[in-house]
Protein chains: 2
Amino acid sequence: MDYIDVFKALSNETRLNILQWLKEPEKHFPKQGAHIPKEVSFKGGVCVGDIQEKAKVSQSTVSHYLNLMQKVGLLESVRYGQWTYYRRDEEGIRQLAEYFRTEI
Amino acid sequence: MDYIDVFKALSNETRLNILQWLKEPEKHFPKQGAHIPKEVSFKGGVCVGDIQEKAKVSQSTVSHYLNLMQKVGLLESVRYGQWTYYRRDEEGIRQLAEYFRTEI
DNA sequence: TTGACATATCGAGAAAAGTCGATATACTAT
DNA sequence: ATAGTATATCGACTTTTCTCGATATGTCAA
């Protein structure tokens, strides 16, 4: 985990918002999971389009952001059909918190 | 406290190093406090020149970095004579940790 | 008051990040 | 096959950050 890159990812209001919205996906994305069938379980995942709508940036920007946040370990994703669902990578975030507590 | 700016400050290897070095100033800056007289107490403070030497960036860069880190609440400083001593702002860092724990 | 030193500020060029529209890819339904 | 939808990638332009050398400011010692 490259912590410099994680901090860079957190250095942007939209990305920070996304991370926080995803703490309570049902609250911030009411129609969350509309397309996902019951047999696929990816609890808390929200699709790119819903995040874009709320974040109010272009589709390409939000896609880029989500990919970036996934690469640094803040989010994880699953593709189902034409949708990609993103949710918090709680293990990565736990690791970051641990680093924070011991090294910062 | 503007957390975006704090994360920006942490998004740089040199600055992150400085913050970590200052956790154990005696270890990383052996001659620490050489100029500071006993009657002035600023425990753990290290002067700009010593930090520059270790960080291996230009004097103007390190001065800029330290000022930046102070502005966002990661460091605090005191001027004594021609020297400026910097140390961690433990209260600011505590606040950041609190934000981290509750919001991230 | 002059000269030496520590630090801060200024100005600038280079590198990186932000952000978009256009386009490509992948999937779905007809 | 075709058209429609969701997401990803590309290319480009703009804005921000990095980093430096030069210079200014403040302090101390002679």
Side-chain angles (χ1 to χ4, degrees), chain A residues 2 4-19 29 31-37 39-40 42 45-72 74-87, chain B residues 2 4-19 29 31-37 39-40 42 45-72 74-87:
Chain A
D2 183 332
I4 301 277
D5 286 343
V6 179
F7 289 134
K8 279 184 189 166
L10 295 173
S11 300
N12 174 286
E13 188 163 13
T14 301
R15 288 190 300 256
L16 203 52
N17 282 336
I18 291 171
L19 195 63
F29 305 95
K31 42 177 180 167
Q32 171 240 160
H35 320 289
I36 214 163
E39 57 273 25
V40 179
F42 193 67
V46 179
C47 74
V48 179
D50 289 357
I51 298 173
Q52 187 209 339
E53 188 178 333
K54 191 164 174 73
K56 295 191 173 64
V57 292
S58 76
Q59 189 271 322
S60 59
T61 296
V62 86
S63 175
H64 178 207
Y65 282 1
L66 294 170
N67 183 257
L68 175 69
M69 294 172 80
Q70 171 168 37
K71 267 199 288 215
V72 305
L74 290 171
L75 298 182
E76 58 189 359
S77 74
V78 103
R79 180 160 249 253
Y80 181 75
Q82 47 193 332
W83 290 276
T84 305
Y85 289 85
Y86 282 91
R87 70 178 175 192
Chain B
D2 183 332
I4 301 278
D5 285 343
V6 179
F7 289 133
K8 280 184 188 169
L10 295 173
S11 299
N12 175 285
E13 188 163 14
T14 300
R15 289 191 298 259
L16 203 51
N17 282 336
I18 291 172
L19 195 63
F29 306 95
K31 42 178 180 168
Q32 171 240 159
H35 320 289
I36 214 164
E39 58 272 28
V40 179
F42 193 67
V46 179
C47 74
V48 179
D50 289 357
I51 298 174
Q52 187 209 340
E53 189 178 332
K54 192 165 175 71
K56 295 191 173 62
V57 291
S58 75
Q59 189 271 322
S60 59
T61 297
V62 86
S63 174
H64 178 208
Y65 282 1
L66 294 169
N67 183 257
L68 176 69
M69 294 171 80
Q70 172 170 35
K71 266 199 289 214
V72 304
L74 291 170
L75 298 182
E76 57 189 359
S77 74
V78 103
R79 181 161 249 252
Y80 182 75
Q82 46 193 332
W83 289 276
T84 305
Y85 288 85
Y86 282 91
R87 70 177 175 192

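Order of the sequence lines sets the chain letters (A, B, ...), proteins ahead of strands, with each chain counted from 1.
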Exercise. Could you walk me through whether F29(A) and I51(A) pass side chain to side chain contact (heavy atoms under 4.5 Å, CB included), step by step?
Key: CA-CA 8 Å; F29(A) 305 95; I51(A) 298 173; 4.1 Å; yes

Exercise. Report yes or no: do T84(A) and S77(A) form a side-chain donor-acceptor pair below 3.5 Å?
Key: no

Quiz prompt | Q52(A) CD - dC20(C) P separation (whole Å) | solution = 9 Å

Quiz item: Can you tell me how far P of dG18(C) sits from CD1 of I4(B), to the nearest Å?
Solution: 11 Å

Exercise. Starting at atom CG of N67(B), determine the distance to atom C1' of dA6(C), rounded to an integer number of angstrom.
Key: 15 Å

Practice problem: Taking the six-membered ring of F42(B) (Phe, Tyr or Trp), confirm whether the NZ or CZ of R87(B) is under 6.0 Å from its centre and within 45° of its axis. | Solution: yes

Quiz item: Can you check the L16(A) CG to dA17(C) P distance for me, whole Å?
Solution: 18 Å

Exercise. Look up atom NE2 in H64(B) and atom OG1 in T61(B), then write down how far apart they are to the nearest 0.5 Å.
Key: 8.5 Å

Quiz prompt | Below 4.0 Å: OP1/OP2 of dA6(D) and any side-chain N or O of T84(A) | solution = no

Exercise. Summarise how protein sits on nucleotides 25-30 of chain C as a single string, 5' to 3': B when a protein heavy atom is under 4.0 Å from the base, S for sugar-phosphate-only contact, - for no contact.
Key: --BS--

Quiz item: To the nearest angstrom, how far is L10(A) atom CG from dA17(C) atom P?
Solution: 14 Å

Quiz item: Do R15(A) side-chain atoms and V62(A) backbone N/O form a donor-acceptor pair below 3.5 Å?
Solution: no

Practice problem: Could you tell me the separation between the CG atom of D5(A) and the CG atom of L68(A), rounded to the nearest 0.5 Å? | Solution: 8.0 Å

Practice problem: For each nucleotide in nucleotides 13-24 of chain D, reading 5' to 3', give B when a protein heavy atom comes within less than 4.0 Å of its base, S when such contact involves only the sugar-phosphate, and - otherwise. | Solution: ----SSBBBB--

Self-check item: Between P of dT7(C) and CG of L66(B), the distance in whole Å
Solution: 10 Å

Quiz item: With a 3.5 Å cut-off and no angle check, do the side chains of S60(A) and S63(A) form a donor-acceptor pair?
Solution: no

Quiz item: If you measure from CG on N17(B) to NZ on K56(B), what distance do you get to the nearest 0.5 Å?
Solution: 11.0 Å

